[in-house]
Amino acid sequence: MINYTTLIFLGFLSFPAKAGELDSRAMEALLVKSLNSVGSNRLDTALSEVNALLKANPNFKLAQMLKGDLLMARAKPLSGFGNDPDAPSDRVNDLRDEARARLQRVQQQPVTAAPRFIWQLDPQQRYAIVVDTSKSTLYLYENVNGAPRYVENFYISVGKKGSDKNVEGDQKTPLGVYYVNAYLSKKQLTDFYGSGAYPINYPNEWDTRLGRNGHGIWLHGTPSDTYSRPPLSSNGCVVLSNDDLSHLGKSLQVGTTPVIITNRMEMSDDADKADQAALLKSIEQWRSDWSGRNTDSYLTHYASDFASGNFKLDTWSAQKRLVNSGKSWIKVGLSDVSIFPYPNQPNLVVVNFEQDYASNNLENRMKKRQYWIKRDNRWQIVYEGAAT
Amino acid sequence: MNILLPTHIPKTTQMIRFNRFNQRAALCALLLYFSMISVADEMQDANKLFKQGQAAQALSKADAILANKPKDAQARFLKALILAEQGQSDEAVRLFTALTEDHPELPEPYNNLAVLYANQGQYEKAKIALEKALRTHPSYSTAHENLGDIYAKMASQAYDRALQLDRSKSSSTTRLALIKDMHSPVAKSNTGKIQIASVNNPPAAVASPTVSTPVATITIAATTTPAAVTSAAPTNDKPVTTAAANANDDVLKAVNDWAKAWSSRNAGKYLAMYAKDFKTPNNEARSSWEQQRRDRIGKPQPIVVSIANARVKMLDDSHASVSFIQSYRSGALSSTTRKTLVLSRSNGAWQIQSEQTGAK
């Protein structure tokens, strides 16, 4: 329960003074500054700060709520946040949650270290996204020689019922490794989605394997009369303010940019690096076993519960033995490798690469996706298929 | 609800009332000092007609006065009021605006302008008008209270935007209403001498320094009270006597002490300000009321109580009523309340017999 008098106060925040040209970060900083002014009983200061915010964006509902409280404070004693006696309590609670989320965002320094969820980016991927649903924050990383470098972060809203989507209509945001797979412009959408939308590929191969369903998980904007939405307010989509979505859009590549959604941000550490090295070694071993037509060895890389489409381990093994025995030579080359540890699934990683296959009677180049899992200290493949 | 207590209404004022959000008391009659008795008589008739509900006749009377004296402030004021009453708010706004331009020292036209603006949903304009009224008369309680209502209304607008509610449609069909028990300023004074309560004389008028009331502000820090405070709103034609003034000073000092004890969270001293026969607010037992007050006052948060616009009315030698605007602030809470204390004197000490909170 947020209460003005119990807010934890920040030090001084700097923000551009140009009203009307505040970006989302400056808006948020000014909002928090104003909340702090309320907390320290400088109501007039708070009101002028809120007025500056609303001048820049009259559709910032949380700021309107704060303004209402500040004006009401001049008319009668206030009992707390959202003093309108006729206000629907769920909406007041929503705005209170947004205030809390934004306060936390400003109070906590943005996490600029490398997240655990990006081990390697391929050279085509200029940027990567990590969404932390618990922090109402989307982080953008730039690809620097395959490693993520923090660029910026944005306030976001996620599903009404939180995260870890499982079934259609559960109003949750999925957790996992996804990719932006389309772009819908403002013209193609109703006002509800704002300045544009970037659908992601939920349910992915892992979701399908677990029997999860549902569809239509997008990154999208807000209606024209709404600057931002409460932290938990979508039906599972990740919602950004229109300005932020348009800005972020410049960094997104359809079919390429990974969107990793977690409910707990984690940073990369030394154990990670060891795991990563072991995995790379396993991938290379898998490639060379295949190239060497060393089928027994090759098949040891697949887990007992391996599944790909209609194949299980036994049918997959039979098929591979049959194919490989008919070859006099095989060459397999891997390039553009990307590796993303799976959020909320310990020891599971998603590996993508460009596979260049050649043999005495077939040549094939494809984008491939594998899910590797570490069991008994050994990396094994649980899924393999074309990357769509 | 937000009804002005009779003791707060200077006898010489009239007020219009604003039904929608209980906006109080735009003063109707300007308390002007007329240079011509005949105009005063005419004006008296016009006011009387208006009071009797004969708006059309009152309007033609006012127009007749204005034909001779186009600048007559009170006639212009009455005309504006009648037009407002008749729903011609644009014209009323124009007249009141002109009055504020010619008599920027008068708070009433600003106040009524604010009421009209508020009725049109133009709260920002209403707020500015009231702030101007308060700039000339910082202690003008009606403007204070109306401003409180405007803030509440603006707050409500902001809430609507915050919560995507649309309540504006339901509340836009309101109009000014006239309070029935208006007092005509002239009717009481056959001698042609008009008492001036809270309004300063316009520049053209002859000043009457003994009764014009400057801003009366008492803060708890002040140990002595400006003498001007005691001259507020005399209720009869008798000049304020020295003895009465002294009694007034004592009463005000008691009220100051009470506010000071409250501010310093000295519950013992605070409670000692209440007479044995003090009428508890909900007729509860004195002991349980005292306990409530102790709990409230004893909280660790700082309390700041200040008093403004105090008006003392001697009921008899040992009884007085004091009305004032009380500002209370504790933590994030603040309130401005109209309050009336009735005090009685026993053994030379003034103690509170009853405490009445009006409005808010």
S.K.: With sequence neighbours left out, which residue pairs that include part of residues 24-51 of chain A fulfil the ring pair (Phe, Tyr, Trp, His ring centres under 6.0 Å) condition?
M.R.: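 Found none.
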S.K.: With a 4.5 Å heavy-atom cut-off (strictly below), which parts of residues 219-229 of chain A touch chain B? List them by number.
M.R.: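 Residues A/D225, A/T226 are the ones that qualify, each having a heavy atom under 4.5 Å from chain B.
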S.K.: If the condition is side-chain hydrogen bond (donor to acceptor under 3.5 Å, both in side chains), which residues does A/D94 pass it with, not counting sequence neighbours?
M.R.: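 For A/D94, no residue satisfies side-chain hydrogen bond (donor to acceptor under 3.5 Å, both in side chains) once neighbours in sequence are set aside.
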S.K.: I want to check a possible cation-pi pair here: A/R96 against A/F81, using under 6.0 Å from ring centre and within 45° of the ring axis as the test.
M.R.: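 Cation-pi check for A/R96 and A/F81: fails.
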S.K.: Taking side-chain hydrogen bond (donor to acceptor under 3.5 Å, both in side chains) as the definition, give me every residue that meets it alongside A/K61, ordered by chain and number, with sequence neighbours left out.
M.R.: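 So A/K61 forms no side-chain hydrogen bond (donor to acceptor under 3.5 Å, both in side chains) with any residue.
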S.K.: Counting distance only, does the side-chain N/O of B/T100 pair as donor-acceptor with the main-chain N or O of B/Y110 below 3.5 Å?
M.R.: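 Pair absent, no side-chain N/O of B/T100 close to backbone of B/Y110.
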S.K.: If only side-chain N and O atoms count, and only distance matters, is there a donor-acceptor pair under 3.5 Å linking B/E355 with B/Y274?
M.R.: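 Distance-only check passes for B/Y274 and B/E355.
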